[in-house]
Amino acid sequence: MNCTVNDMKKESLEAARAAYRIEAECLTQMIEYFDDDAFSRAVELLKNAPRIGTSGCGHSGIICQHFAHLLCCVEQPAKFVSPAEAVHGGMGFLQKGDVMVFASRGGKTGELLPIMRICKEKGVHIITVTENLTSPLAEGADVVLKQYVNRETDKYNSQGTTSSTALCMIFHALQTALIEETDYKNEQFALIHPGGAVGERLNKH
């Protein structure tokens, strides 16, 4: 059955258009919370880390998986460490001098607190991305990056929409800076990304 615009409630279309505005406003306002010193220290830790772990729950965890892949794309060895697997031996991946990146909007995610304790025991550096700068995950970190969210896009302000976009933006900024700091070359990316349309474009010569 074909659906036309006349079949959709006017309120639904208005809500969809508002979602664009809400997230655009969030990204515009986020720059006001950009801390040069904290961001620079985070980039320095990531640049020098032999290995990087990322961890979060729910939507934050999904964006952490994306960040781990972004890091691998610029040859900074990284993997997503599942909160469930982390406390069942998974933290053997990280050693002294490595870095763990936690993402938790409220900074109190119970599944991440035992992982933080393991990091401290092992001498693993901690970067936390959170809105709550006085939370346990913030206070226990070496570097805290402020996440700002104006509101989620749904009418109940409860779905992980704008907050996911805000977290993603912070991770994109980190990868962008790492490319500059490590003098990463597109030729390096061409070698490790031969697949798909991107690989075809990078390797056409």
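Reckoned from all heavy atoms, side chains included, excluding hydrogens, waters and symmetry mates. Along the sequence shown, residues are numbered consecutively beginning with 1. Computed from a predicted structure; not experimentally measured.
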Do [X] and [Y] come close enough that some side-chain heavy atom pair is under 4.5 Å?
{"X": "Ile52", "Y": "Met100", "answer": "no"}
{"X": "Thr130", "Y": "Leu145", "answer": "no"}
{"X": "Gln147", "Y": "Ile170", "answer": "yes"}
{"X": "Leu45", "Y": "Val43", "answer": "no"}
{"X": "His125", "Y": "Lys96", "answer": "no"}
{"X": "Val149", "Y": "Met30", "answer": "no"}
{"X": "Cys64", "Y": "Val101", "answer": "no"}
{"X": "Gln95", "Y": "Lys122", "answer": "yes"}

Other residues, nucleotides, ligands: >12 heavy atoms within 6.0 Å of Lys108 NZ: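 Count not over threshold, so no.
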Straight-line distance of [X] [atom1] to [Y] [atom2], nearest 0.5 Å:
{"X": "Tyr184", "Y": "Thr176", "atom1": "OH", "atom2": "OG1", "value": "13.5 Å"}
{"X": "Ser55", "Y": "Met116", "atom1": "OG", "atom2": "CE", "value": "11.0 Å"}
{"X": "Glu131", "Y": "Ser163", "atom1": "CD", "atom2": "OG", "value": "8.0 Å"}
{"X": "Glu14", "Y": "Arg17", "atom1": "CD", "atom2": "CZ", "value": "9.5 Å"}
{"X": "Phe67", "Y": "Cys73", "atom1": "CZ", "atom2": "SG", "value": "11.5 Å"}
{"X": "Thr182", "Y": "Asn48", "atom1": "OG1", "atom2": "CG", "value": "11.0 Å"}

Looking at [Y], is its backbone amide N or carbonyl O close enough to the side chain of [X] to form a donor-acceptor pair, meaning the two atoms are under 3.5 Å apart?
{"X": "Asn157", "Y": "Arg151", "result": "no"}
{"X": "Asp35", "Y": "Lys146", "result": "no"}
{"X": "Glu152", "Y": "Thr161", "result": "yes"}
{"X": "Asp36", "Y": "Ser40", "result": "no"}
{"X": "Thr28", "Y": "Ala24", "result": "yes"}
{"X": "Glu181", "Y": "Lys47", "result": "no"}
{"X": "Ser164", "Y": "His59", "result": "no"}
{"X": "Lys79", "Y": "Gln65", "result": "no"}
{"X": "Asp154", "Y": "Gln159", "result": "yes"}
{"X": "Thr128", "Y": "Ala138", "result": "no"}

Of Cys57, Pro136, Ser135, Ser60, the residue whose pairing with Thr109 passes side chain to side chain contact (heavy atoms under 4.5 Å, CB included):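 It is Cys57, the one option of Cys57, Pro136, Ser135, Ser60 that forms the side chain to side chain contact (heavy atoms under 4.5 Å, CB included) with Thr109.
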For [X] against [Y], the heavy-atom pair lying closest together:
{"X": "Leu13", "Y": "Met8", "result": "CD2-SD, 3.4 Å"}
{"X": "Pro83", "Y": "Ile115", "result": "CA-CD1, 3.8 Å"}
{"X": "Ala177", "Y": "Phe39", "result": "CB-CE2, 3.7 Å"}
{"X": "Cys26", "Y": "Tyr148", "result": "SG-O, 3.4 Å"}
{"X": "His172", "Y": "Leu70", "result": "CD2-CD1, 3.5 Å"}
{"X": "Arg41", "Y": "Asp142", "result": "NH1-O, 3.2 Å"}

hydrophobic_cluster_shared for [Y] and [X], side chain cutoff 4.5 Å:
{"X": "Leu27", "Y": "Phe171", "answer": "yes"}
{"X": "Leu71", "Y": "Phe80", "answer": "no"}
{"X": "Leu94", "Y": "Val87", "answer": "yes"}
{"X": "Tyr33", "Y": "Ile63", "answer": "yes"}
{"X": "Phe34", "Y": "Ile127", "answer": "yes"}

Would Leu46 and Val99 count as a side-chain contact (heavy atoms from CB on, under 4.5 Å) here? Give the steps. CA-CA 7 Å; Leu46 293 170; Val99 171; 4.0 Å; yes
Between Lys185 and Asp183, does any side-chain N to carboxylate O distance fall below 4.0 Å?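 Salt bridge flag = yes for Asp183 with Lys185.
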Test log, rule side-chain contact (heavy atoms from CB on, under 4.5 Å), inputs Thr54 and Phe102: CA-CA 6 Å; Thr54 67; Phe102 289 119; over 6 Å; no
Checking side-chain contact (heavy atoms from CB on, under 4.5 Å) for the pair Val129/Leu167: CA distance, chi angles, key distance, verdict? CA-CA 8 Å; Val129 183; Leu167 178 60; 3.6 Å; yes
Go through Gln175 and Ile179 one step at a time and tell me if the side-chain contact (heavy atoms from CB on, under 4.5 Å) criterion holds. CA-CA 6 Å; Gln175 195 226 32; Ile179 288 173; 4.0 Å; yes
